[in-house]
Amino acid sequence: MLISHDTHETRVAILEDRRLVELYVERPKRSVVGNVYLGKVRDVLPGMQAAFIDIGLEKNAFLYVDEVVSPEGVAGAPRRDIQSLLRQGQQLMVQVLKDPMGTKGARVSTEITLPGRFLVLMPFSPFVGVSRKIPDEERERLTSIIEPLVPEGIGVIVRTAAVGATDKELEGDLEFLLRLWRRVQHQGREGLAPEVVYTEMDVALRLVRDAFGEDFRRLVIDDKRVYEKVTSFLRKTAPRLSKRVQLHKERRALFESYGLQDDIDAAVLRVVPLPSGGHITIDRTEALTAIDVNTGSYVGRKNLEDTVVRTNLEAATEVVRQLRLRDIGGIIVIDFIDMESPANRSLVTARLSSALERDRTKTRVSEMSRLGLVEMTRKNVTDGLYGVLTEPCTTCNGEGRVLSEATRRITVERRLREILVTGRSPAYLVGLNPTTYALVNAPGHNTVALLRAETGKQVSVMPDPDVAPTEVRVLIEGKVGALGLDME
């Protein structure tokens with residue numbers, strides 16, 4: 001794990017076999033996932049079985065009925081109906097599950113969870129659970145330690161990081177979380193909505209807490225203050241791991257030392273190359289992310305099926321890497337190249353499942369169809385790397401394509417004609433976008449001269465960088481002599 005911090009942003013990179021597989025970027029406008037707010041119910045919508053909660057952000061948060069757990073005063077609600085659970089103007093404590101994205105506000109829940117190094121405290125879910133990734137024998141040991149310590153009415157989940165943890169470490173983590181919950185409760189009782197009552201750790205500490213474990217060889221940090229904060233946290237929670245933390249002292253930048261910049265630059269590109277010469281394309285839509293697999297320049301050595309299988313196997317591994325790296329969530333459809341053999345389809349599906357075992361984010365994968373389609377879902381928490389590093393194109397408004405030269409030239413000519421025909425002045429000076437100006441005046445296109453002859457009016461054009469590609473802006477209009485236009 002690498003942590004790089006400067007005045008503009010904090011970046012956390014996770015490398016496997018020296019390849020970048022996860023990248024998290026946090027800027028001053030940081031994620032609010034995990035934050036706990038004292039909110040106020042603004043609208044209750046029975047038709048959607050949901051409510052909008054004011055938590056102090058730009059947009060009201062969305063609370064679905066199934067995310068309402070044991071709110072105060074409604075323990076005996078006869079049915080799961082939003083109107084019997086919440087009322088307009090009510091104050092309640094909620095936790096952010098998903099950041100605001102696009103036109104949508106944050107997704108929240110009244111089920112509060114407070115994560116620690118080894119445990120996750122669940123104040124409203126009275127049961128003890130253990131991560132399924134922990135072997136059975138270790139699960140039994142951890143359960144026997146934790147169950148006697150948990151207060152009645154409180155729930156706890158034992159995290160994967162707890163493997164090998166001592167009784168003292170587990171007890172200390174639980175005591176810390178219980179103190180934190182009492183503080184959150186106090187803030188909730190004394191606060192006035194909308195107000196934040198608990199703020200999740202910054203990205204550096206959060207990734208160290210949630211991801212950094214025995215399977216990591218080292219953690220390298222290039223900022224002394226962050227280094228001291230992380231080592232202090234690990235000395236309290238996992239002393240064995242604190243020895244693996246290093247301070248980067250070389251003059252060369254940390255990410256440059258590991259050659260990560262090319263991977264970061266490629267993380268926003270549509271086409272991703274595969275080792276053999278094939279490639280995958282990644283297209284985001286409002287509803288889902290579509291990933292297409294192509295053989296590209298790879299022509300194989302034996303036969304078509306062998307070429308296709310090899311490309312699909314490489315793609316299965318790379319697709320998972322890109323999902324993790326870009327933090328793509330929601331519905332994902334992967335279009336593998338068609339394979340005739342069911343055994344080969346099973347082989348590719350197995351490779352995909354194997355690669356997903358390293359993904360810490362929850363996923364669900366369907367069987368591959370005869371057409372080579374695999375549908376899957378991946379928990380959507382943030383807007384992903386794409387949302388952080390990019391913004392919509394001002395020219396194409398995020399569509400990914402721009403109007404053709406012919407379309408722009410025809411559109412501008414039509415708008416010029418409309419101005420001359422409907423306008424009352426005999427002469428006009430108009431501004432055009434510089435690229436459009438070049439199109440209008442290109443050899444073989446006598447647009448201005450034709451319009452003068454057609455309308456009997458005088459017009460001259462000039463480049464104006466403030467004008468949009470298909471806009472026609474009238475700068476001056478009036479009499480020919482008063483404007484001093486060059487009509488040659």
Side-chain angles (χ1 to χ4, degrees), residues 24-27 29-72 74 80-83 85-88 90-115 120-125 155 157 184 188 193-203 206 210 284-289 323-324 326-332 359-364 376-388:
Y24 302 89
V25 180
E26 187 172 89
R27 292 172 181 168
K29 188 181 178 181
R30 56 184 291 189
S31 169
V32 295
V33 172
N35 288 2
V36 178
Y37 294 86
L38 183 63
K40 179 176 288 187
V41 180
R42 289 301 182 193
D43 294 293
V44 178
L45 309 175
M48 295 178 64
Q49 283 298 298
F52 285 101
I53 315 296
D54 181 8
I55 59 175
L57 301 182
E58 184 178 350
K59 294 183 177 70
N60 289 336
F62 182 82
L63 175 63
Y64 186 58
V65 65
D66 287 348
E67 299 291 352
V68 181
V69 181
S70 302
E72 184 177 349
V74 294
R80 299 297 295 176
D81 181 81
I82 197 69
Q83 288 180 298
L85 296 172
L86 301 175
R87 64 183 185 279
Q88 191 171 2
Q90 176 184 349
Q91 288 195 167
L92 76 165
M93 197 182 300
V94 294
Q95 186 169 36
V96 177
L97 302 177
K98 186 186 296 186
D99 274 326
M101 297 182 191
T103 59
K104 299 178 182 178
R107 182 81 178 260
V108 297
S109 170
T110 63
E111 170 72 273
I112 310 298
T113 59
L114 300 176
V120 177
L121 189 73
M122 301 182 299
F124 302 130
S125 301
I157 292 179
V184 169
E195 180 181 321
V196 60
V197 295
Y198 165 75
T199 303
E200 176 63 300
M201 293 177 172
D202 61 43
V203 68
R206 188 168 70 248
D210 295 345
R284 293 162 56 98
T285 72
E286 190 74 20
L288 53 84
T289 298
L323 295 181
R324 296 173 64 190
R326 302 176 188 224
D327 197 16
I328 296 173
I331 300 172
I332 300 157
D359 188 3
R360 293 181 295 109
T361 302
K362 184 178 179 180
T363 58
R364 295 178 62 184
M376 63 175 289
T377 60
R378 189 172 185 270
K379 189 175 180 181
N380 201 350
V381 177
T382 70
D383 216 6
L385 197 62
Y386 189 82
V388 175

Report task. Count the heavy atoms of every other residue, nucleotide or ligand shown that sit under 6.0 Å from NZ of Lys59, and state whether that count exceeds 12. Result -> yes

Report summary line: Between Leu57 and Pro100, the two heavy atoms sitting closest are CD1-CG, 4.3 Å

**Report entry** Heavy-atom closest pair, residues Met48 and Tyr64
**Finding:** O-CE1, 3.6 Å

Query raised in the report: Does Arg326 reach the main-chain N or O of Tyr386 with its side chain, forming a donor-acceptor pair under 3.5 Å?
Result: no

Query - Reference residue Tyr37; test side-chain contact (heavy atoms from CB on, under 4.5 Å); the match among Val197, Thr199, Val108, Val196 - result: Val196

Query raised in the report: How about Glu200 and Pro115: do any of their side-chain heavy atoms sit closer than 4.5 Å?
Result: yes

Report task. Kindly say whether Phe52 contributes a backbone atom to a donor-acceptor pair with the side chain of Arg42 at under 3.5 angstrom? Result -> no

Requested in this report: For Leu86 and Val44, work out which heavy atoms get closest and say how close.
Outcome: O-CG2, 4.1 Å

Query raised in the report: Any donor-acceptor pair under 3.5 Å linking the side chain of Gln95 with the backbone of Thr113?
Result: yes

**Report entry** Donor-acceptor contact below 3.5 Å, side chain Gln90 vs main chain Arg87
**Finding:** yes

**Report entry** Shortest non-hydrogen separation from Glu26 to Ser31 and the atoms involved
**Finding:** OE2-N, 4.4 Å

Query raised in the report: Are any non-hydrogen side-chain atoms of Gln49 and Asp81 less than 4.5 angstrom apart?
Result: yes

Requested in this report: Salt-bridge test for Arg378 and Asp359: reply yes if a basic N is under 4.0 Å from a carboxylate O, no otherwise.
Outcome: yes

Requested in this report: Verify, without hydrogens or angle tests, whether Arg284 (side chain) and Ile328 (backbone) share a donor-acceptor contact under 3.5 angstrom.
Outcome: no

**Report entry** Approximate separation, where rounding is to 0.5 Å, of Ile53 CD1 and Leu38 CG
**Finding:** 11.0 Å

**Report entry** Residues, nucleotides or ligands: over 12 heavy atoms within 6.0 Å of Leu45 CG
**Finding:** yes

Query raised in the report: Any idea which heavy atoms bring Ala106 and Val96 closest together, and the distance?
Result: CB-CG1, 4.0 Å

Query raised in the report: side-chain contact (heavy atoms from CB on, under 4.5 Å) between Val33 and Asp99: does it pass, once the steps are laid out?
Result: CA-CA 6 Å; Val33 172; Asp99 274 326; 3.6 Å; yes

Requested in this report: Using a 4.5 Å cut-off on heavy atoms from C-beta on, say whether the side chain of Ile112 contacts that of Tyr198.
Outcome: no

Report task. Output yes when a side-chain donor or acceptor of Thr361 lies under 3.5 Å from a complementary backbone atom of Lys379, and no otherwise. Result -> no

Report task. Without swapping roles, check the side chain of Thr289 against the backbone of Gly329 for a donor-acceptor pair under 3.5 Å. Result -> no

Query - Criterion side-chain contact (heavy atoms from CB on, under 4.5 Å) against Leu63, the qualifying member of Val41, Ile55, Leu92, Leu97 - result: Leu92

